[in-house]
Amino acid sequence: MVTLRLEPMTEEQFRGYRQGAEVDYAENIAASGAMALPEAREKARADYERLLPDGLGTAGHHVWAAYDGAVEVGMLWLHVEEKSDGRHAFIYDFEVRPELRRQGYGRAVIQVAEELCREWGVVSIGLNVFGFNQAARALYEQMGFEVTSIRMRRRL
């Protein structure tokens with residue numbers, strides 16, 4: 001059993017995260033076929049600027065590093081907002097270091113996020129997963145996430 005804790009990212013951690021995450025996000029957008037890499041890079045940059053205009057200080061956004069003891073195993077970016085039917089959360093990013101995957105850390109990060117959300121009175125947690133990411137999709141489905149929409153395309 002994995003025990004895990006989330007700690008707010010430091011500014012230094014956030015700078016490193018942001019650089020790599022923006023690149024990864026652009027590559028995932030392009031790999032999904034949604035747009036070519038140059039446009040995906042611009043979309044990634046614009047999305048991060050829009051969503052986190054004040055970095056770690058952006059209201060409603062929580063960006064944590066995940067630790068198992070002293071070892072940093074991954075990260076989680078969660079946004080919480082009030083809607084007409086209650087408080088909702090959205091996972092914008094979630095990652096386990098590649099060399100530590102398939103060891104239960106992903107499940108543990110989601111479980112800690114769920115515990116926090118319950119404490120905060122959140123009624124649902126959403127997330128996006130690219131269609132080609134079968135491992136992530138399988139984890140989310142095992143943890144009870146349901147598909148709310150599907151975007152499809154056909155290559156010609």
Side-chain angles (χ1 to χ4, degrees), residues 1-10 13-14 16-35 37 40 43-44 47-48 50-52 56 58-155:
M1 171 112 178
V2 171
T3 47
L4 191 104
R5 73 181 188 287
L6 298 176
E7 292 184 9
M9 271 192 189
T10 64
Q13 286 173 313
F14 181 71
Y17 157 72
R18 169 75 191 269
Q19 283 182 322
E22 198 172 301
V23 169
D24 288 346
Y25 178 42
E27 290 173 354
N28 282 322
I29 293 168
S32 76
M35 62 187 66
L37 188 56
K43 176 177 175 30
D47 284 355
Y48 272 87
R50 177 179 51 81
L51 293 168
L52 292 171
L56 292 174
T58 303
H61 291 263
H62 308 275
V63 185
W64 293 290
Y67 292 89
D68 181 3
V71 178
E72 187 176 342
V73 299
M75 62 77 56
L76 175 70
W77 169 15
L78 183 75
H79 177 243
V80 179
E81 71 176 324
E82 197 70 40
K83 295 185 178 181
S84 63
D85 62 341
R87 206 173 262 172
H88 293 261
F90 190 84
I91 296 172
Y92 276 104
D93 201 1
F94 156 60
E95 183 177 302
V96 172
R97 288 180 20 207
E99 70 274 15
L100 298 175
R101 291 178 184 160
R102 304 259 185 247
Q103 297 180 36
Y105 290 117
R107 181 176 299 279
V109 169
I110 297 293
Q111 288 170 334
V112 171
E114 287 178 351
E115 290 168 18
L116 282 170
C117 285
R118 282 188 187 95
E119 289 173 18
W120 295 341
V122 170
V123 298
S124 76
I125 302 174
L127 54 78
N128 181 66
V129 60
F130 288 102
F132 63 82
N133 193 342
Q134 295 295 327
R137 289 176 61 186
L139 171 64
Y140 302 144
E141 288 170 3
Q142 289 169 8
M143 298 203 66
F145 284 82
E146 301 170 338
V147 173
T148 57
S149 70
I150 297 175
R151 181 176 177 169
M152 299 175 75
R153 72 182 174 103
R154 178 181 167 137
R155 289 186 190 258

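The analysis underlying the following values was restricted to heavy atoms, covering all of them including side chains, and did not include hydrogens, waters or symmetry mates.
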Identify the two heavy atoms, one from Ile125 and one from Cys117, that lie closest to each other, and give their separation to 0.1 Å. CD1-SG, 3.8 Å

Using modelled atom types and a 3.5 Å cut-off, is there a donor and acceptor pairing between side-chain atoms of Arg5 and backbone atoms of Asp68? no

Find out whether His79 and Leu51 are in side-chain contact, i.e. whether some heavy atom of one side chain is under 4.5 Å from a heavy atom of the other. no

What's the spacing between Met75 CE and Met9 CE if we round to 0.5 Å? 4.0 Å

Is the number of heavy atoms from other residues, nucleotides or ligands under 6.0 Å of Gln134 CD greater than 12? yes

Should the ring pair Phe130 and Phe132 be called parallel, tilted or perpendicular, given that the plane angle runs from 0 to 90° and is split at 30 and 60? parallel

Over all atoms of both residues, closest heavy-atom pair of Leu76 and Ala113: CD2-CB, 3.6 Å

Side chains of Phe90 and Asn128: does their closest heavy-atom pair fall under 4.5 Å? yes

Run the numbers on Val80 and Val122 for side chain to side chain contact (heavy atoms under 4.5 Å, CB included), then give the verdict. CA-CA 8 Å; Val80 179; Val122 170; 4.0 Å; yes

Locate the shortest heavy-atom distance separating Ala40 from Ala30; write the atom from each residue and the value. CB-N, 4.1 Å

Once you measure the plane-to-plane angle for Trp77 and His61, does it fall in the parallel (<30°), tilted (30-60°) or perpendicular (>60°) bin? tilted

Candidate pair Asp24 and Glu95, rule side chain to side chain contact (heavy atoms under 4.5 Å, CB included), full reasoning: CA-CA 11 Å; Asp24 288 346; Glu95 183 177 302; 4.1 Å; yes

Under the side chain to side chain contact (heavy atoms under 4.5 Å, CB included) criterion, do Tyr25 and Asp93 qualify, and how do the steps go? CA-CA 9 Å; Tyr25 178 42; Asp93 201 1; over 6 Å; no

Spacing of OH belonging to Tyr140 relative to CD1 belonging to Ile110, to within rounding of 0.5 Å: 5.5 Å

At what distance, to the nearest 0.5 angstrom, does CZ of Arg18 lie from CG of Leu52? 7.0 Å

Out of curiosity, Thr58 OG1 to Arg50 CZ, how far, rounded to the nearest 0.5 Å? 12.0 Å

Salt bridge (charged side-chain N to carboxylate O under 4.0 Å, His left out): pairs with one or both residues in residues 97-108, sequence neighbours excluded: Arg97-Glu99

Scanning both residues in full, the closest heavy-atom pair of Ala66 with Val109 reads CB-CG2, 4.0 Å

Check the pair Tyr105, Val71 against side chain to side chain contact (heavy atoms under 4.5 Å, CB included), reporting the backbone distance first and the verdict last. CA-CA 12 Å; Tyr105 290 117; Val71 178; over 6 Å; no

How many angstroms lie between atom CD of Glu119 and atom CG of Leu116, to the nearest 0.5 angstrom? 5.5 Å

Kindly write out the residues that satisfy salt bridge (charged side-chain N to carboxylate O under 4.0 Å, His left out) with Glu114, not counting sequence neighbours, or none if the list is empty. none

Side-chain heavy atoms of Phe94 within contact of Leu139, under 4.5 Å: yes

Between Ile29 and Ser32, what is the shortest heavy-atom contact and its length? O-OG, 2.6 Å

Minimum heavy-atom separation for Pro8 to Gln13, with atom names? O-OE1, 4.2 Å

